[in-house]
Amino acid sequence: MKVITRFAPSPTGHLHLGGARTAIFNWLFTRHYQGKFYLRIEDTDTLRSRQEYTDSILASMNWLGLDWDDEPVYQSQRFDLYNQYVDRLLESGHAYWCSCSPEEVEKMREEARAKGEKPKYNGCCRERGLRPSPGNPEKMVVRLRAPQTGVTVLNDMVKGEVVFNNSELDDMVLRRPDGAPTYNMAVVVDDIEMGMTHVIRGDDHVSNTPKQILIYQALGADLPVFGHVPMILGPDKQKLSKRHGATAVIDYEKEGLLPEALVNYLTLLGWSHGNDEFFTLEQLVKEFANGKLNPSPSAFDPEKLAWLNHEHMKTRTAQDLADLTVPFIKDLGLPVPGNLTALVEMLRERAPTLKDLAAAMTFMLVNADELEYDPKALEKVLSPESRQYISALQSRFSELSSFDESSLHEELHGYVEANGLKFKQVGPPLRVALVGALTGPDLCRIMSLLGKEQTLARLTRFQQS
RNA sequence: GACCCCAUCGUCUAGUCGGCCCAGGACACCAGUCUUUCACAUUGGUAACAGGGGUUCAAAUCCCCUUGGGGUCGCCA
């Protein structure tokens with residue numbers, strides 16, 4: 001099957017989760033059929049569009065691993081093209097000039113609203129045959145002469161057939177007084193010019209679709225196949241917004257998520273393949289067409305994302321994770337240790353994200369005097385006896401010629417048994433001395449990775465507490 | 001307000017064009033096991049077809065209504 005698609009963000013903000021998801025679906029669909037996937041920057045609103053957002057969006061696409069074909073197309077550079085199409089419509093009688101002011105149109109809408117009807121332009125310039133005159137060329141817009149009866153049918157990839165009454169639609173503006181195209185006009189022209197076979201976009205565009213279909217028809221152009229993917233909602237089932245926390249892809253990068261995990265999770269929101277949940281990018285490309293698109297909106301669940309991220313982290317080597325964690329360690333203002341890979345191996349199972357992994361490492365990277373004791377934990381284990389145990393262990397450990405895990409293990413348990421103690425009398429205070437808390441990885445492993453000097457320093461500090 | 005869309009455990013979902021589903025998986029949650037603690041792993045458990053009408057021998061699956069949620073009504077995109 002021939003497939004040409006696009007992702008068309010407007011650079012008025014960072015790439016957010018909803019946008020990322022539609023980009024992912026387009027990309028997956030296209031790569032599956034080995035078609036072309038284009039990027040189009042919809043920057044016709046020069047006031048709100050910013051270059052830095054374009055850069056940010058492209059960076060997020062790259063981070064997610066979504067590559068595109070050819071150079072991105074910028075709508076702001078194609079006004080001449082759009083106007084050629086508008087002129088064609090004017091010549092064929094499918095469009096006309098309108099001199100109504102925005103205020104007048106707003107009044108029409110209010111009147112319609114008052115009557116309980118759909119607010120729309122009343123078509124008063126339709127038959128006036130206006131032409132731009134030297135007197136006031138700037139004041140006029142061009143409107144589509146839309147059919148006022150009948151229906152417009154959308155055959156949607158995910159929703160099936162959706163029928164709109166043409167009486168619901170009005171004669172939309174195609175060109176503004178300053179010669180700039182409106183959104184629907186520019187989109188249709190570009191989708192025709194770029195040869196789009198499939199238009200996959202967010203559900204919020206369904207009501208634009210009949211308007212666009214009318215433009216295609218006026219132009220005598222073939223329709224692409226439309227596919228409207230459901231919205232992503234917040235955990236509370238309300239529209240996803242800033243108050244739900246991170247909504248931009250870049251935020252998740254900063255949170256230490258793996259891009260393949262985010263892609264995997266976002267794909268699962270609205271797409272399913274039986275009971276399968278874990279997919280690599282390659283598997284997603286392979287299976288995408290065999291899955292099912294779900295028409296109902298879904299809630300974003302950060303906890304499941306974290307779980308899935310952990311699953312993806314399990315497939316990475318410790319060396320990989322170590323490299324990826326470096327920036328997060330630096331963010332914490334901690335030194336990057338020489339045995340980072342070994343630390344990753346010790347701590348990876350308890351950190352669902354790279355950021356968590358770096359944070360989990362904190363106790364290993366600070367100096368004995370900087371180690372933070374959890375007050376409750378300290379209170380629980382601190383006693384004359386426990387100080388004595390730690391003191392005894394310290395002298396035993398200091399005589400060790402080899403500070404490896406098994407020697408330490410032997411020494412530790414040797415001490416416990418020789419003195420008729422129970423491990424839980426000695427273990428907890430030792431753990432607090434080393435970690436500052438009552439939980440954590442294996443004690444002997446910690447000590448061997450900490451090294452003799454650092455271990456003994458921590459035991460000293462504990463006794464002084 | 002008008003138009004459009006959606007509706008299975010708290011959440012994401014499975015449910016091969018009605019029967020094998022008194023509904024399966026996953027996240028989260030709870031409990032057991034493992035373990036020097038925590039975590040991991042593992043085993044088990046709680047938990048859903050929004051409501052009401054039809055159609056049918058048979059409905060989570062088809063139709064209608066109600067309710068709830070979402071989207072859109074710009075010379076923004």
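The structure displayed is predicted, hence computed values, not measured ones. All values below come from the heavy atoms of this structure, side chains included, with hydrogens, waters and symmetry mates left out. Sequence lines set the chain letters: A, B, ... in the order given, protein chains first and strands last, and positions in each chain run from 1.
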Pair partner, B:G18 [Watson-Crick or wobble, under 3.5 Å]: none
What protein N or O atoms touch nucleotides 41-44 of chain B N or O atoms at under 3.5 angstrom, if any, and at what distances?
unit_1: B:A41; atom_1: OP1; unit_2: A:K314; atom_2: NZ; d: 2.7

B:C75 OP1/OP2 closer than 4.0 Å to side-chain N/O of A:R109: yes
Options B:U13, B:G71, B:C75, nucleotide nearest the side-chain atoms of A:S272: B:U13
Touch class at under 4.0 angstrom, heavy-atom based, for A:G270 against every strand present: sugar-phosphate
Touch class at under 4.0 angstrom, heavy-atom based, for A:C444 against every strand present: nothing
Sugar-phosphate only, base, or nothing, as touched by A:T44 at under 4.0 Å among non-hydrogen atoms: sugar-phosphate
Sugar-phosphate only, base, or nothing, as touched by A:R113 at under 4.0 Å among non-hydrogen atoms: nothing
Under 3.5 Å donor-acceptor, A:T182 side chain and A:V173 backbone: yes
Flag, side chain of A:S407 to backbone of A:F403, donor-acceptor distance under 3.5 Å: no
Nearest to side-chain heavy atoms of A:K292, which nucleotide of B:G15, B:C75, B:G1: B:G15
Length of the CZ-P vector between A:F226 and B:G71, whole Å: 22 Å
Sugar-phosphate, base or nothing in reach of A:L438, heavy atoms under 4.0 Å: base
B:U37 - base-pair partner by Watson-Crick or wobble geometry, distances under 3.5 Å: none
B:U67: pairing nucleotide in any strand, Watson-Crick or G-U under 3.5 angstrom: B:A7
Identified pairing partner of B:U42, criterion: Watson-Crick or G-U wobble below 3.5 Å: B:G32
Whole angstrom value for the distance that separates C1' of B:C75 from CG of A:L144: 15 Å
Whole-angstrom distance between B:U56 and B:U16, as gauged at atom P: 23 Å
Nucleotide opposite B:G1 in a Watson-Crick or G-U pair, distances under 3.5 Å: B:C73
Sugar-phosphate only, base, or nothing, as touched by A:S207 at under 4.0 Å among non-hydrogen atoms: sugar-phosphate
Spacing of the C1' atoms in B:G45 and B:A28 (rounded, Å): 14 Å
A:D356 vs A:T353, side chain to side chain donor-acceptor pair (under 3.5 Å): CA-CA, chis, key distance, verdict: CA-CA 5 Å; A:D356 292 330; A:T353 70; 2.9 Å; yes
Between P of B:A77 and CG of A:N184, the distance in whole Å: 9 Å
A:N208 (side chain) and B:A77 (base): donor-acceptor pair under 3.5 Å: yes
Distance between P atoms of B:A7 and B:G51 (Å, rounded): 15 Å
A:S383 backbone acceptor or donor facing A:S386 side chain under 3.5 Å: yes
Geometric cation-pi criterion A:R143 and A:Y121, 6.0 Å radius, 45° cone: yes
Between A:H312 and A:N309: side-chain donor-acceptor atoms closer than 3.5 Å: no
Summary of protein contacts for nucleotides 3-11 of chain B, nucleotide by nucleotide, where a base hit scores B, a sugar-phosphate-only hit scores S (4.0 Å, heavy atoms): SSSSS---S
A:D204, A:T22, A:T209 screened by side chain to side chain donor-acceptor pair (under 3.5 Å) with A:H228, the one that passes: A:T209
A:F278 CZ - B:U13 C1' separation (whole Å): 18 Å
Test side chain to side chain contact (heavy atoms under 4.5 Å, CB included) applied to A:M172 and A:L174, step by step: CA-CA 6 Å; A:M172 77 191 100; A:L174 303 177; 3.9 Å; yes
Aromatic ring pairing A:Y373/A:F462, orientation class (parallel under 30°, perpendicular over 60°, tilted between): perpendicular
Nearest-angstrom distance from the residue atom CG of A:N275 to C1' of B:U13: 8 Å
Sugar-phosphate only, base, or nothing, as touched by A:R48 at under 4.0 Å among non-hydrogen atoms: base
Sugar-phosphate only, base, or nothing, as touched by A:G274 at under 4.0 Å among non-hydrogen atoms: sugar-phosphate
Nucleotide of B:A77, B:G25, B:A14 approaching A:E277 most closely (side-chain heavy atoms): B:G25
Plane angle bin for A:H273 and A:F279 - parallel if under 30°, tilted between 30 and 60°, otherwise perpendicular: perpendicular
Least distance between heavy atoms, A:A146 atom then A:D171 atom: N-OD1, 3.0 Å
Touch class at under 4.0 angstrom, heavy-atom based, for A:Q238 against every strand present: sugar-phosphate
Separation of B:C12 C1' from A:L308 CG (nearest whole Å): 11 Å
Atom pair distance, as rounded to whole Å: CG in A:N122 and P in B:C75: 13 Å
Sugar-phosphate, base or nothing in reach of A:L443, heavy atoms under 4.0 Å: base
Length of the line joining A:K239:NZ and B:G69:C1', which is rounded to integer Å: 14 Å
For the student: nearest non-hydrogen atoms of A:F300 and A:L266, plus distance: CE1-CD1, 4.3 Å
Per A:E349 side chain, nearest of listed nucleotides B:C75, B:U72, B:A39: B:A39
